[in-house]
Amino acid sequence: MAREFQRGHKAKVSDLTSGTDLYVGVQIAGSGLTFDISCFGLDADEQLSDDRYFIFFNQPKSPEESIQLLGAQAGDTESFRVTLDRIPANIHKLSFTATLDGAGQMSQIGPGYIRIVAGGEEVVKYAFTGSEFTTERAVMLGDFYLKDVWRFAAVGQGFDGGLDALLKNFGGEVAEEAPAAPPQGAPPAFAPPPQAAAPPAFGAPAAPQAPQPAPAFGAPAAPAPAPQQPPVHAAPTIAAPMAPQAPAPYGQPPQPPQFGQIPGQGAPSAAPPYGQQPPGAPPYGQQPPAPFGQQPPGMPHGGVPQGVPATGAGLQAALQPYKETATGQRWTSQNQQLMRVDLTMGGMPVLARQGSMVMYQGKVDFGYKGAGFAGRMVGNATGQEMQLMRCTGRGQVFLAEEGAHLHPIELQGDGICVSAESVLAFDESLQYEVRRIEGHGIPGGALFTMQFQGTGTVVVKTHGVPVVLPVTPTTFADCNAVVAWSSASQVIISSQVRLRRNAYPGHSGETVNLQFRGAPGNFIVVQPYEV
């Protein structure tokens, strides 16, 4: 029986089906509307680094045929064949999108869906309607994404601007249209001139090959898309990656003159006027200066190489490495210290630490989240009180606190224990309560922590980069350094308090440790800092 997904729901593909040769069907329609349905194959930076993995009507399959456009069939407006175990290692996400061709907006569409079929049986379906959108002209429907294993997410995020803006968001660019070129002077890469001018021109290079991608599905791949696509798509819309335009050797030293200096000057390679703040550092000035143009690990490239941005010198080039990262996910790390949550996805509020909002976009309301009298009493008694605000509405909220490193942890029915002091924000759908850790020989006779469980995301703060260790029978951690652990772990307090030993100057100072036990798969998270 197929699982019904809501916007924001995610699951491992292996939990949905054991198959890897999958059929993806999209059904979307509206009165007087025409749609372009595409698949973007994105790299680890969620950019279209290879335009051969932009699968659309003019490019119906990837080089190794792991992604194939099949056409309309079985009630679907468009369909694809995706063979997950054949996707190259450099492709980390497949984003399925629908964009309007011509006038209109997504609020005008009727009920639609994106579904996955394995072996002829529908295994998951995400349904949507036009009431979920307003003036958007494109929508990101669903994603296959690689996170240890392949997973599927129901996205349902509207996007202003249509296909051109969507391409630029993924780091590609739209080739300029040249109406006179295709009939007589078209380059050899396209179809012969007579075919390029006719409506079926986009199918000319792929017509003999289109029936090959999906013989197992028993549906013709080439004839179906042609009636749905108007002739205006015979020439435009070719995605080209932005990153390869600047060669790597054009590296860091020649680039300092971008800030206010004439392009092409080679002299200022020693000390750039504005080069004291490396573009890859999270906030300005928090890390030692790096050669201009380098980006530290973890900073998204945004489709631009580590040397000069493809836009050239000037203010836009300087700010390019810091642009907002839009991944189509509900929670997105902008850098190590800044987290963005999209409230339009998932349709649920977010609870965040009071004062942690640094910026927001859209219509967002912030309200006080009280714990009630009993909650305040428990919080005061255990030290696990959280001063929270409730974020609701439609928009994006950016969260940070004192430059702490932020880590989104997605729970799918499981649980995690985190100290209240280490929690920045979490989905309101999660259940949380104070958990007591019994112990003898320590002040108060017990330690306390917060336990989160359910389906949703909790954002955890750390001082520095943490380490995750598996739980073994001999795993111990300082209670002042441990940040979180899996809720299925058994925690035992190992107190080393000795009055005589404390009286000696040579005492180690390590008084209270936590011993962890549990089945394989349990873990603890420790930070390089003691609170």
Side-chain angles (χ1 to χ4, degrees), residues 2-11 24-40 46 75-80 93-116 122-145 151-166 169-170 324 326-332 340-350 360-365 390-397 410 427-429 455-457:
R3 291 179 57 179
E4 297 288 340
F5 270 24
Q6 302 296 322
R7 181 164 57 179
H9 281 189
K10 308 170 185 176
V24 179
V26 175
Q27 204 284 327
I28 185 170
S31 179
L33 302 179
T34 305
F35 298 89
D36 292 331
I37 301 174
S38 312
C39 176
F40 291 84
E46 302 200 355
D76 297 330
T77 310
E78 188 60 272
S79 61
F80 299 82
K93 175 181 284 191
L94 304 180
S95 181
F96 294 90
T97 66
T99 58
L100 281 166
D101 177 20
Q105 54 191 25
M106 285 297 173
S107 60
Q108 300 174 257
I109 66 174
Y113 60 78
I114 180 172
R115 63 174 179 166
I116 300 175
E122 185 176 282
V123 296
V124 65
K125 185 177 185 178
Y126 161 51
F128 54 85
T129 64
S131 61
E132 301 176 29
F133 310 106
T134 54
T135 60
E136 298 94 332
R137 292 181 44 78
V139 60
M140 291 181 278
L141 300 173
D143 293 341
F144 285 108
Y145 64 100
R151 304 167 187 254
F152 177 75
V155 180
Q157 181 180 0
F159 200 95
D160 292 331
L163 183 59
D164 291 3
L166 199 59
N169 175 70
F170 288 138
E324 177 186 0
T327 63
Q329 304 295 326
R330 177 172 168 84
W331 295 88
T332 304
R340 189 193 78 166
V341 56
D342 191 341
L343 297 177
T344 61
M345 300 184 61
M348 71 183 71
V350 165
Y360 71 92
Q361 298 172 315
K363 296 181 179 180
V364 181
D365 295 325
R390 191 169 185 262
C391 310
T392 59
R394 295 182 63 86
Q396 298 80 38
V397 180
E410 179 184 344
D427 288 323
E428 194 177 43
S429 59
T455 301
T457 298

Chemist: Kindly say whether Thr134 contributes a backbone atom to a donor-acceptor pair with the side chain of Ser107 at under 3.5 angstrom?
Modeler: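 A pair under 3.5 Å: yes.
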
Chemist: Please name the pair of heavy atoms, one in Phe35 and one in Leu100, separated by the smallest distance, quoted to 0.1 Å.
Modeler: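 Reported closest heavy-atom pair: CE2-CD2, 3.4 Å.
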
Chemist: With side chains defined as the heavy atoms from C-beta onward, is the minimum distance between Leu33 and Ile109 less than 4.5 Å?
Modeler: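 In short, these two side chains touch, coming nearer than 4.5 Å.
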
Chemist: Where do Thr77 and Val26 land on the side chain to side chain contact (heavy atoms under 4.5 Å, CB included) test, with the steps shown first?
Modeler: CA-CA 6 Å; Thr77 310; Val26 175; 5.5 Å; no

Chemist: In a check of side chain to side chain contact (heavy atoms under 4.5 Å, CB included) between Ser38 and each of Leu166, Thr97, Thr99, which one passes?
Modeler: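 The option that passes is Thr97.
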
Chemist: Looking at every heavy atom in both Ala2 and Glu122, which two are closest together, and how far apart are they?
Modeler: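 Reported closest heavy-atom pair: CB-O, 3.3 Å.
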
Chemist: What's the shortest heavy-atom distance between Cys39 and Phe80, and which atoms?
Modeler: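 Here Cys39 and Phe80 meet closest at CB-CE2, 3.9 Å.
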
Chemist: Do Asp76 and Arg115 have side chains that approach each other closer than 4.5 Å (heavy atoms only, starting at C-beta)?
Modeler: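 Result yes, sub-4.5 Å side-chain heavy-atom pair found.
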
Chemist: If we check side chain to side chain contact (heavy atoms under 4.5 Å, CB included) with Gln329, which of these qualifies: Lys10, Met345, Gln157?
Modeler: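 Only match with Gln329 under side chain to side chain contact (heavy atoms under 4.5 Å, CB included): Lys10.
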
Chemist: Considering only heavy atoms from C-beta outward, does the side chain of Asp427 approach that of Val350 to under 4.5 Å?
Modeler: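 The answer is yes, as the side chains (C-beta and beyond) meet within the 4.5 Å cut-off.
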
Chemist: To the nearest 0.5 Å, how far apart are CZ in Phe40 and CZ in Phe96?
Modeler: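 Here the rounded value is 11.5 Å.
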
Chemist: Do Arg3 and Val123 have side chains that get closer than 4.5 Å, going by heavy atoms?
Modeler: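 A side-chain contact under 4.5 Å is absent here.
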
Chemist: For Asp143 and Ala153, indicate whether the former's side chain and the latter's backbone hold a donor-acceptor pair under 3.5 Å.
Modeler: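 No; zero donor-acceptor contacts below 3.5 Å.
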
Chemist: Mind listing the closest non-hydrogen atom pair of Ile28 and Ala98 along with its distance?
Modeler: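 Closest heavy-atom pair between Ile28 and Ala98: CD1-CB, 4.0 Å.
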
Chemist: How are the rings of His9 and Phe5 set relative to one another: parallel (under 30°), tilted (30 to 60°) or perpendicular (over 60°)?
Modeler: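 Correct class here is perpendicular.
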
Chemist: Heavy atoms only: give me the nearest Ala138-Met106 pair and the separation to one decimal.
Modeler: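 Scanning both residues completely, I find the closest heavy atoms to be CA-CE, 3.7 Å.
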
Chemist: So, do Tyr360 and Leu343 sit near enough that their side-chain heavy atoms are less than 4.5 Å apart?
Modeler: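 No - every pair of side-chain heavy atoms lies 4.5 Å or more apart.
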
Chemist: Looking only at heavy atoms, which two atoms of Arg7 and Arg394 are closest? And how far apart?
Modeler: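 Here Arg7 and Arg394 meet closest at NH2-NH1, 4.0 Å.
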
Chemist: Determine whether Phe170 and Met140 make a side-chain contact, defined as any pair of heavy atoms from C-beta on separated by less than 4.5 Å.
Modeler: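 Yes - at least one pair of side-chain heavy atoms lies under 4.5 Å apart.
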
Chemist: So do Val124 and Ile116 actually touch side chain to side chain, heavy atoms under 4.5 Å?
Modeler: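 Side chain of Ile116 against side chain of Val124, heavy atoms only: contact under 4.5 Å found.
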
Chemist: Can you tell me how far the OH atom of Tyr113 sits from the OH atom of Tyr126, to the nearest 0.5 Å?
Modeler: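 Answer rounded to 0.5 Å: 14.5 Å.
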
Chemist: What distance separates Thr344 OG1 from Lys363 NZ, expressed to the nearest 0.5 Å?
Modeler: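 Interatomic distance, Thr344 OG1 to Lys363 NZ, rounded to 0.5 Å: 13.5 Å.
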
Chemist: For the residue pair Gln6 and Met348, establish whether any side-chain heavy-atom pair is separated by less than 4.5 Å.
Modeler: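 Not touching, per the 4.5 Å side-chain cut-off.
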
